[in-house]
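A quick write-up on the structure given underneath.
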Amino acid sequence: MEYKEIKHIYTKEFVTPVMGLSFVPSNPKACLFFQHGFSSHIREYRHVGEFFAKNNIAVHMIDMPGHGLSSGERGNITSFSEYTDTFSTFIDLLDTQLPIFISGHSMGSLIAIDYALQTKRNVQGAVLLAPLLGLNLGLNLVLSGISIAALYGKHIRMPYPLIPFMARKRHAKRYDEMFSDPLRGRVITSTWSLEIQKKIKAIQKQAKNYTTPSMYILAQCDKIVSNQDVLKFAKNTNVSEKTTHVFTNVEHEMLHENEADQILSLMLSWINKKLNV
């Protein structure tokens, strides 16, 4: 299946310039908006766009403010809405008439869920990869400590603390290459930490209002996301069509592991089922 890879810098449509990347087949049957997680960027997920475009599904991605080639302070937000509004505006700009699916990894899934709770668009389904609906206990303690500064009105920056929570036992070289990427985030701020924790709590409280058909894909060896909190959210949602898959021996960055092809095929199968293909 032939497709076009389209890069575009949006300079006027957002508060600050952001970078978008699309993979568009000649006659797509659906549209997938895929959102990267914190400190990551869209170029790390080119294989996702290529895979779905080859299977006749258009894929659109955007670097969040402060990420990748988008502008904005690295590792900082004043409100989580900066992320969700960017995702929403991006979808509105493309204004596709195709069936819409949303997806993301980690914080990207949290953004997708927040969008689904607010939008009036008919979202056909959400594929949520290691959704950041709860934090590993150790990481939660770290971010809680950092957030205290924001509660007292202090804005501090510190080195990105999530890397020690990446087990990296199976693919140490691959993970080292990933985190040596100059476009990868290197810092977080006290404000970011506070906003992330606030949004996780708010989303959990809104679970009963979540109505989007969803597939949750979890990594058994995830040292960042609390799978227990993900399952709690899924259980409390007002969705009859929901399914969960747990990949054993897989770590947080699941789309960069050996099982990536299996995960992408699982996503495609679920989307095709929703499209009655």
**OP:** Please check if any side-chain donor atom of Asp114 sits under 3.5 Å from a side-chain acceptor atom of Thr84, or the reverse.
**Re:** yes

**OP:** Determine whether the side chains of Gln197 and Ser144 contain a donor N or O and an acceptor N or O closer than 3.5 Å.
**Re:** yes

**OP:** Would you check if the distance from the ring center of Tyr10 to the ring center of His8 is below 6.0 Å?
**Re:** yes

Original post:
For the hydrophobic clusters of this structure (ILVMFWY residues joined by side-chain heavy atoms under 4.5 Å, transitively), does one cluster hold both Leu255 and Leu183?
Top reply: yes

Subject >> Residue pair Trp192, Ile146: steps toward the side-chain contact (heavy atoms from CB on, under 4.5 Å) verdict >> reply: CA-CA 9 Å; Trp192 179 87; Ile146 299 170; over 6 Å; no

Subject >> Side chain proximity check, Leu268 to Ile57, heavy atoms < 4.5 angstrom >> reply: yes

Original post:
Charged N to carboxylate O below 4.0 Å: is that the case for Arg43 and Asp181?
Top reply: no

Original post:
Within a strict 4.5 Å, meaning less than it, do heavy atoms of the Met267 and Ser103 side chains meet?
Top reply: yes

Original post:
Does the Arg157 side chain pair with the main chain of Arg74, one donor and one acceptor, at a distance under 3.5 Å?
Top reply: yes

Subject >> Pair Phe52 and Phe23, ring centroids less than 6.0 Å apart >> reply: no

Original post:
Side chains of Lys242 and Thr237: donor-acceptor distance under 3.5 Å anywhere?
Top reply: yes

**OP:** Indicate yes or no for a side-chain donor-acceptor contact from Asn140 to the backbone of Asn136 under 3.5 Å, with no hydrogens or angles considered.
**Re:** no

Original post:
If we only count heavy atoms from C-beta on, is the Phe101 to Val123 side-chain gap below 4.5 Å?
Top reply: no

Original post:
With sequence neighbours left out, what residues match His47 under ring-ring contact (aromatic ring centres under 6.0 Å, His included)?
Top reply: His256

**OP:** State the OG-NZ distance between Ser147 and Lys198, to the nearest 0.5 angstrom.
**Re:** 10.0 Å

Original post:
Side chains of Leu194 and Leu143: closer than 4.5 Å at any heavy-atom pair?
Top reply: no

**OP:** Examine Met158 and Val142 and state if one hydrophobic cluster contains both, with Ile, Leu, Val, Met, Phe, Trp and Tyr joined whenever side-chain heavy atoms are less than 4.5 Å apart.
**Re:** yes

Original post:
Shortest non-hydrogen contact from Leu132 to Ile200?
Top reply: O-CG1, 3.4 Å

Original post:
Can you find a side-chain donor-acceptor pair between Thr16 and Ser71 that sits under 3.5 Å?
Top reply: yes

**OP:** Might you point out which heavy atoms bring Tyr3 and Ala53 nearest each other, and give the distance in Å?
**Re:** CG-CB, 3.6 Å

Original post:
Quick one: does Glu257's side chain have a donor or acceptor within less than 3.5 Å of a partner on Glu253's backbone?
Top reply: no

Original post:
Just by distance, with hydrogens left out, do Thr189 and Asn76 show a side-chain donor and acceptor under 3.5 Å apart?
Top reply: yes

Original post:
What is the minimum heavy-atom distance between Glu13 and Thr11, and which atoms define it?
Top reply: OE1-N, 3.4 Å

Original post:
Donor-acceptor pair, Arg184 side chain versus Gly68 backbone, under 3.5 Å?
Top reply: no

**OP:** Decide if atom CD1 of Ile6 counts as having more than 12 heavy atoms of other residues, nucleotides or ligands within a radius under 6.0 Å.
**Re:** yes

**OP:** Report the distance from atom OG1 of Thr191 to atom CD of Glu73, rounding to the nearest 0.5 Å.
**Re:** 8.0 Å

Original post:
Is Leu93 reachable from Leu98 through a run of I, L, V, M, F, W or Y residues, each pair having side-chain heavy atoms under 4.5 Å apart?
Top reply: no

Enumerate donor-acceptor pairs with a distance under 3.5 Å from any side-chain N or O in residues 212-220 to protein atoms, sequence neighbours excluded.
{"unit_1": "Ser214", "atom_1": "OG", "unit_2": "Tyr210", "atom_2": "OH", "d": "2.7"}
{"unit_1": "Ser214", "atom_1": "OG", "unit_2": "Thr212", "atom_2": "O", "d": "2.8"}
{"unit_1": "Gln220", "atom_1": "OE1", "unit_2": "Asn249", "atom_2": "N", "d": "3.3"}

Original post:
Could you state the interatomic distance from CD1 (Ile9) to CG (Leu69), rounded to the nearest 0.5 Å?
Top reply: 7.5 Å

Original post:
Which atom pair, heavy atoms only, marks the closest approach of Ile42 to Gly20?
Top reply: CD1-C, 4.0 Å

**OP:** For residues Phe87 and Met64, report the shortest heavy-atom separation together with the two atoms involved.
**Re:** N-CE, 3.9 Å

Subject >> All ring-ring contact (aromatic ring centres under 6.0 Å, His included) counterparts of His155, not counting sequence neighbours >> reply: none

**OP:** State plainly whether the residues Arg46 and Glu50 are in salt-bridge range, i.e. N to O under 4.0 Å.
**Re:** yes

Original post:
So how far is it from Ile91 CD1 to Ile102 CD1, rounded to the nearest 0.5 Å?
Top reply: 6.5 Å

**OP:** Kindly compute the distance separating CG (Leu129) from NE2 (His105), expressed to the nearest 0.5 Å.
**Re:** 6.5 Å

Subject >> Main-chain N/O of Leu275 paired with Gln124 side-chain donor or acceptor, under 3.5 Å >> reply: no

**OP:** Walk me through it: do Ile156 and Ser190 pass the test side-chain contact (heavy atoms from CB on, under 4.5 Å)?
**Re:** CA-CA 5 Å; Ile156 62 172; Ser190 52; 3.6 Å; yes

Original post:
When the ring planes of His67 and His36 are compared, do they come out parallel, tilted or perpendicular, using 30° and 60° as the limits?
Top reply: tilted

Original post:
Looking at Val48 and Met61, what are the two nearest heavy atoms and their distance?
Top reply: CB-CE, 4.1 Å

Subject >> CG-NZ distance between Asp229 and Lys201, expressed to the nearest 0.5 angstrom >> reply: 11.5 Å

Original post:
Are any non-hydrogen side-chain atoms of Val187 and Pro159 less than 4.5 angstrom apart?
Top reply: no

**OP:** Kindly say whether Asp63 contributes a backbone atom to a donor-acceptor pair with the side chain of Ser70 at under 3.5 angstrom?
**Re:** yes

Subject >> Side chain proximity check, Lys29 to Asn272, heavy atoms < 4.5 angstrom >> reply: yes

Subject >> Heavy-atom donor-acceptor pair, Ser106 side chain to Gly108 backbone, under 3.5 Å >> reply: no

**OP:** Show the numbers, then the answer: is there a side-chain contact (heavy atoms from CB on, under 4.5 Å) between Glu2 and Ser26?
**Re:** CA-CA 7 Å; Glu2 294 185 357; Ser26 57; 5.8 Å; no

**OP:** Taking the side chain as every heavy atom from C-beta outward, state whether Glu251 and Ile224 have any atom pair closer than 4.5 Å.
**Re:** no

Original post:
Any side-chain heavy atom of Tyr115 within less than 4.5 Å of one from Tyr83?
Top reply: no

**OP:** Classify the side-chain pair His252/Asp222 by whether it contains a donor and acceptor separated by less than 3.5 Å.
**Re:** yes

**OP:** Under the side-chain contact (heavy atoms from CB on, under 4.5 Å) rule, what do His60 and Val24 come out as? Steps first, then yes or no, please.
**Re:** CA-CA 8 Å; His60 303 286; Val24 184; 4.0 Å; yes

